[in-house]
Structures are given as C-alpha cells and as structure tokens.
Amino acid sequence: MAKLTKLYAREILDSRATPTIEVIAILDTGEYGVASIPSGSSTGSYEAVELRDNDPNRYLGKGVLKAVKNVNQEIAAALVGRDPQSVLQLDDQLIRLDGTPTKSRLGANAVLGVSIAVTKALAAASKKPLYRYIAELAQNTQPLTIPSPVFNMINGGKHGAGNLDFQEFHVIPGRTGSYAQTLETGAEIYQTIKKILARRGAIHSVGDEGGFAPNLFTNLDALEVLSESITECHHKPSVDVELGLDVASNTFFKDGKYTIKDRSSPMDAPEFIDYLRDLNSQYPLRLLEDPLSEDDWKNWSSLTAELSRTTTIVGDDLIVTNKDKVAKAIAEKACTGVIIKPNQIGTISETIAVVKQARAAGWKINVSHRSGETNDTFIADFAVGVGADYAKFGAPARGERVAKYNRFLSIEVELQQPA
Ligand code: PGA
Ligand code: ZN
C-alpha cells in the first residue's frame, strides 16, 4: 500500500471572491490528489462547521488561514509517513483527531479537504477512474449511469437580486436519451429564458449559481417564464421537461410564519402548504426542496403525506447530510428525497453512509454543489459513483458550474466504452 508523503493546504478563492481551502495529498508512489472545498450561503443551522479566521483585517473576516494551518500542522503530523489504508480508516482518524460533533475544532473545510484529496490520490494509485473508485467505496454494484441534471435556471433568495423569495427554479429534462442530450436541452432552454426575460424587459444578469436573477415580481412569474421557455424550445412543460423548486424556506421563515411577496400577509405552515399545493397543481413539480423550515418537522410530515404521490419532497437544510437527521426523517415520514453535500458533514465516508441510509429508505438521491464553488469536479464523479438519481450543479453556465456538467460528458463517453 502507498504511504502519504506530503499533505499541505493553501488559501484560494471561490466563485464569490471568498477564500476557500485547497488541499494537496501526495503518495510515495507519485500519485496525488488536489481538492478545493465549496461553500454555501443559505446554510442549514445544523451543518458541520466551516472554519473561518474571523479576522476583520483580511477578506472581511472570511480568510481560511486557520483551516490551512490545521492541515499543514496537526493533520499532516498525524497522517504523513503513514499508509492511509482506506478512506474509511482515514476519515475515522480525522473524526477522532477533531474530536467534536460538528468538526468545529479543525474545521469541516480542512477535514473534508483532506478526505477528498486523499480519496483522489488513492483512486489514482488504484488506476481506476475516480467515479469507479467511489462506487467501490459505496459498494454500489449497480451499472453506473449519469444522474439526471437539475438545472438551476433562475436564482432568487440569497443567491439572486433580492425580489424573488424562492431560491432556485429548476428545469429537469426527462431522460429518454443520453445525458449529452439533456445537457443540450438544458442549454437551449437557458438561452431561451434569456430571450424571454429580455422581451419582458426584465433584467437578465446572473446570480451566484449562474441562473438568471431577474426583476420579476412573484415566484409564479418565474415558473411561468420557465414554462414558456420550455414550450418555445418545442418541449412539453411538466411532461418531457419537468420543473423543480428549492424553496429554501428558512430564509423567509420568521416567528412561525412564512412571508413571501406573492401573498399580502404572512402564512402559517398549513396556509403555506395550501399555497404550495395550489402552485404544484398549476406548475407540477418533480422536486420540491426545503418547502418548510429546518425545524418545522411536524409540518414536513403533513406536506409529504399530501404531495409525495406526485412530487419528490427533498430535504436539504432539514437533513444536512446527517445520519441522525435521516433516521428521524425516515421515522417521521418527513421527506422522500435528500440533497447530499459532502461539506455539510465533513468526510467522504460519512457522506457515503448517508447516501446508503437514504437509498435503503427508498428516497431519491440528489447530489449537489454549493453556491460558492471552484472548478473542482469531484462532486460529479461522486454523484456517478454513489448512483445518484439527480445532480444539481447550478445553471449550465459559468465556469465552475459547467466544469461539473462537462465532467459528466466525459464520464458518459467512458461508460459507453466496453470495459
Ligand atoms: P447553498 O445553497 O450552497 O448557498 O447552501 C444551495 C442549496 O440550498 O441547495
Ligand atoms: Zn437547498
């Protein structure tokens, strides 16, 4: 087995001009892995802790030099010169070294950076493509396929221009053909949305995830624009190209009420569920993510009972890629799908364990990027390896989003070749 000869980190920038950590792991066999860690802005309160310097004299307090130092000193001292043996053992060691339930001491960004960099190095040493190495880690014996892309075409909430309450308006092309065809459909619809927004005199600059951030008035207007664009591209909305939403409702939930601009007064949970039911009958949704706030468990169960026959109810901030939250949601029948984000929990092994647990409950798996990204394409290989149903990498625009959708193109070609 290979020994880890070098492990070091540095501070780089993400797609929002905010620092993030890059980790490099080198084996004595010469193989290496480089990982850079994304960052969310509409983060759930129960996510693992992203360690920031909080030094107001650098990057407005957002520097990650403490996390970098933790890799270069404490983590490197524990791991360099050793055989990492397996990702599972490595991650166990990292978890023990950190010693906190939320990885707040060393930083989930530092820990995950090491976990991914070493995973990549070990995959390279095994001479297997990264997605296959991950499939083995996940004991995924199903034939590998490319997940269905969930394109975030319109950015609202914390990622947009400020006047749409819902965070993400998704277009999900149906899978009758190849992934390459779904990407083509997604790109054509993206271009058409731009034309329609221009025609309506709406702003068509883009938000954090490359989707448009228009000055539309209501959430329903945004769904109407998506529907119109799908029709203009000669597809049937909600039939051959479906819609989805990440409501990210934590961002507008306050004092027990959901406040959105579509309604003149704040709604309590049953009223908001009624609103979402009406919306779902007007614009049938394939995926409905975070329709309710992260602590509103009782109402998640009633919403799921009402809507899950037609729509997958997806927990993101509710679940935060955490096994205890998954167990609670299974027991309470709170959702039927899950967003998987490795940096919500902090190691690859724990992320894989959550995928397996959710899969065993019959949930749909949607592997996701974060709103602050880099050009690292690890998440694309991860999504294929664990056999995700969906992958959510933002709009089919902007380099850090397209890098991942393009990685799927090359994996698809490799998967079509005889083994
Ligand atoms: P985030 O948003 O990366 O800013 O947390 C993505 C999401 O909520 O799905
Ligand atoms: Zn989300």
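Remember, it's a predicted structure, so these values are computed and weren't measured experimentally. Read the numbers this way: they start at 1 and go in the same order the structure lists the ligands and their atoms. No hydrogens, no waters, no symmetry mates; every other heavy atom, side chains included, goes into these values.
Across all non-hydrogen atoms, the minimal contact from Ser371 to Ser41 is OG-N, 3.3 Å.
The CD1 atom of Ile330 sits 5.0 Å away from the CH2 atom of Trp363 when rounded to the nearest 0.5 Å. Atom CG of Asn280 and atom CZ of Arg286 lie 9.5 Å apart (nearest 0.5 Å).
Backbone and side-chain nitrogen or oxygen atoms of Lys392 are examined, and one is located within less than 3.5 angstrom of a nitrogen or oxygen of ligand 1. Of the N or O atoms in Asp316, one or more lie within a sub-3.5 Å distance of an N or O in ligand 1. Backbone and side-chain nitrogen or oxygen atoms of Glu289 are examined, and one is located within less than 3.5 angstrom of a nitrogen or oxygen of ligand 1. For a threshold of 3.5 Å applied to N or O pairs, the pair formed by Asp246 and ligand 1 contains at least one separation below that value.
Between Ser368 and ligand 1 there is no heavy-atom distance shorter than 4.0 Å. Heavy atoms of Ile339 stay at 4.0 angstrom or farther from ligand 1.
Of the candidates His159, Lys341, Lys158, the one placing a heavy atom closest to atom 7 (C) of ligand 1 is Lys341. Relative to atom 5 (O) of ligand 1, the option among Glu168, Arg370, Glu373, Gln344 with the closest non-hydrogen atom is Arg370.
No option in His369, Glu50, Arg370 other than Arg370 meets the side chain to side chain donor-acceptor pair (under 3.5 Å) test with Asn343. Tested against Phe151, the residues Tyr190, Phe393, Phe169, Tyr405 include a single ring pair (Phe, Tyr, Trp, His ring centres under 6.0 Å) partner, Tyr405.
Among the backbone and side-chain atoms of Glu289, an N/O/S atom is found under 2.8 Å from the Zn ion (ligand 2). Under 2.8 Å from the Zn ion (ligand 2) lies an N/O/S atom of Asp246, whether from backbone or side chain.
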Exercise. Show the numbers, then the answer: is there a salt bridge (charged side-chain N to carboxylate O under 4.0 Å, His left out) between Glu350 and Lys103?
Key: CA-CA 12 Å; Glu350 288 168 291; Lys103 303 188 179 64; 2.9 Å; yes

Exercise. Assess whether salt bridge (charged side-chain N to carboxylate O under 4.0 Å, His left out) is satisfied between Glu228 and Arg200, documenting all intermediate values.
Key: CA-CA 12 Å; Glu228 220 177 295; Arg200 287 184 174 217; 3.2 Å; yes

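At the top of the distance list for atom 1 (P) of ligand 1, counting protein heavy atoms only, stands Ser371 OG, 3.4 Å. Here the heavy atom of the protein found nearest to atom 8 (O) of ligand 1 is Gln167 NE2, 2.8 Å.
Shortest distance from the Zn ion (ligand 2) to Asp316 is reached at OD2 (N/O/S atoms only).
One finds a salt bridge joining Arg277 and Asp274 here, because a Lys/Arg side-chain nitrogen approaches an Asp/Glu carboxylate oxygen to under 4.0 Å.
Close contacts between ligand 1 and Gly40 involve ligand atoms 1 (P), 3 (O), 4 (O), 5 (O) [criterion: under 4.0 Å to a heavy atom].
Between the Glu412 side chain and the Tyr179 main chain, a donor and an acceptor come within less than 3.5 Å of each other.
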